Amino acid sequence: QVQLVESGGGLVEAGGSLKLSCAVSGRTYSSAVMQWFRQTPRKEREFVASVRWGAGTTFYADSAKGRFAISRDKAESTVYLQMNSLKPEDTAVYYCAKGQNIGTYDLWGQGTQVTVSL
């Protein structure tokens, strides 16, 4: 009975920063991969970043490398996505998800809107 609740989205100017949070409730396994995806109405869901719950190892999409940082706080049961140097192209609904492998998931949250203005 795991639930994911995203927060931290909002409107930010290009070049600004935003930090998203994903509160994880219920059972979490060390083997789980926590991930951030984003989606707009005009394109498919896009992988952004992932972190292994147990080891904390990370993986990023090319679009996120050098700008975004994913992390997890096991004590707080929370996954974060620090987004810097934001671009208008980053505008999307961001979803937190839990899966067994990078790019796959079996559970996701309701999402949080991120809008980057010029």
Side-chain angles (χ1 to χ4, degrees):
Q1 190 177 2
V2 178
Q3 291 185 325
L4 308 174
V5 181
E6 302 94 332
S7 63
L11 194 155
V12 63
E13 295 181 356
S17 299
L18 212 56
K19 188 173 185 177
L20 308 183
S21 298
C22 172
V24 183
S25 63
R27 191 185 305 277
T28 302
Y29 300 95
S30 296
S31 60
V33 179
M34 304 304 299
Q35 307 169 75
W36 287 96
F37 294 85
R38 65 188 184 186
Q39 188 167 31
T40 67
R42 296 165 297 283
K43 58 185 177 183
E44 71 278 6
R45 176 180 51 81
E46 177 187 23
F47 170 80
V48 177
S50 69
V51 59
R52 293 192 177 277
W53 186 258
T57 52
T58 60
F59 183 80
Y60 297 92
D62 288 341
S63 61
K65 289 180 180 177
R67 298 191 300 128
F68 295 2
I70 187 172
S71 62
R72 91 283 184 254
D73 187 323
K74 296 170 71 175
E76 294 291 331
S77 296
T78 302
V79 182
Y80 300 99
L81 183 67
Q82 177 67 53
M83 304 187 293
N84 301 317
S85 301
L86 283 163
K87 307 173 181 179
E89 308 89 85
D90 296 318
T91 296
V93 178
Y94 283 70
Y95 296 91
C96 180
K98 166 184 170 292
Q100 299 299 311
N101 304 288
I102 298 173
T104 68
Y105 59 87
D106 50 36
L107 182 69
W108 60 93
Q110 295 301 303
T112 184
Q113 176 70 48
V114 172
T115 302
V116 184
S117 64
L118 294 172

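Start at 1 with the first residue, then count along the sequence. Quick caveat, the model's predicted, so the values are computed rather than measured.
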Student: Examine distances only and state if a side-chain atom of Gln35 and a backbone atom of Ile102 form a donor-acceptor pair shorter than 3.5 Å.
Tutor: no
Student: I'd like to check Glu89 versus Ser63 (side-chain heavy atoms, cut-off strictly below 4.5 Å). Are they in contact?
Tutor: no
Student: Should Trp36 and Glu6 count as side-chain neighbours, where that means a heavy-atom distance under 4.5 Å?
Tutor: yes
Student: Group every Ile, Leu, Val, Met, Phe, Trp and Tyr by side-chain heavy-atom contacts under 4.5 Å, then state whether Tyr60 and Tyr94 land in the same group.
Tutor: yes
Student: Check Ser85 against Ser17 and note the closest heavy-atom contact, atom names and distance.
Tutor: N-OG, 4.4 Å
Student: State, yes or no, whether a side-chain contact exists between Tyr80 and Cys22 at a heavy-atom distance under 4.5 Å.
Tutor: no
Student: Does Val24 reach the side chain of Val2, with side-chain heavy atoms less than 4.5 Å apart?
Tutor: yes
Student: Could you tell me whether a side-chain N or O of Thr112 sits under 3.5 Å from a main-chain N or O of Gly9, the two making a donor and an acceptor?
Tutor: yes
Student: How about Tyr95 and Tyr105: are their ring centres within less than 6.0 Å of each other?
Tutor: no
Student: Less than 4.5 Å apart, side chain to side chain, heavy atoms only: is that true for Leu4 and Met34?
Tutor: yes
Student: Check whether any side-chain heavy atom of Leu11 sits under 4.5 Å from a side-chain heavy atom of Gln113, and report yes or no.
Tutor: no
Student: For the hydrophobic clusters of this structure (ILVMFWY residues joined by side-chain heavy atoms under 4.5 Å, transitively), does one cluster hold both Met83 and Val48?
Tutor: yes
Student: Taking atom CD as the centre, does Gln39 end up with more than 12 heavy-atom neighbours from other residues, nucleotides or ligands that are less than 6.0 angstrom away?
Tutor: yes
Student: Donor-acceptor check, side chain of Thr40 to backbone of Ala92, threshold 3.5 angstrom: yes or no?
Tutor: no
Student: Hey, quick one: are Leu18 and Phe37 part of the same hydrophobic cluster, counting side-chain heavy atoms closer than 4.5 Å, chains of contacts allowed?
Tutor: no
Student: Could you tell me whether the side chain of Asn101 and the main chain of Thr104 form a donor-acceptor pair under 3.5 Å?
Tutor: no
Student: Can you confirm whether Trp53 sits close enough to Val79 that some side-chain heavy atom of one is under 4.5 Å from a side-chain heavy atom of the other?
Tutor: yes
Student: Heavy-atom count check: over 12 atoms from other residues, nucleotides or ligands less than 6.0 Å from Arg52 CZ?
Tutor: no
Student: Before accepting this row, confirm whether a basic side-chain N of the pair Asp90/Lys87 lies closer than 4.0 Å to the acidic partner's carboxylate O.
Tutor: no
Student: Find the distance between OG1 (Thr78) and CZ (Arg72) and round it off to the nearest 0.5 Å.
Tutor: 11.5 Å
Student: What's the separation between atom CZ in Phe68 and atom CG in Leu20, rounded to the nearest 0.5 Å?
Tutor: 8.5 Å
Student: Within the 4.5 Å heavy-atom criterion, are Ser71 and Val51 side-chain neighbours or not?
Tutor: no
Student: From Gln110 CD over to Gln3 CD, what is the distance, rounded to the nearest 0.5 angstrom?
Tutor: 9.5 Å
Student: Could you please spell out the steps behind the side-chain contact (heavy atoms from CB on, under 4.5 Å) verdict for Asp106 and Lys98?
Tutor: CA-CA 6 Å; Asp106 50 36; Lys98 166 184 170 292; 3.5 Å; yes
Student: Between CZ of Arg67 and CG of Leu86, what distance do you get to the nearest 0.5 Å?
Tutor: 6.5 Å
Student: Determine whether Val116 and Val93 fall in the same hydrophobic cluster, where Ile, Leu, Val, Met, Phe, Trp and Tyr are linked whenever their side-chain heavy atoms lie under 4.5 Å apart.
Tutor: no
Student: Flag yes if more than 12 heavy atoms outside Glu46 fall under 6.0 Å of its CD atom; otherwise flag no.
Tutor: yes
Student: Would you check if the side chain of Thr57 reaches a backbone N or O of Ala55 as a donor-acceptor pair within less than 3.5 Å?
Tutor: no
Student: Examine Ile70 and Trp108 and state if one hydrophobic cluster contains both, with Ile, Leu, Val, Met, Phe, Trp and Tyr joined whenever side-chain heavy atoms are less than 4.5 Å apart.
Tutor: no
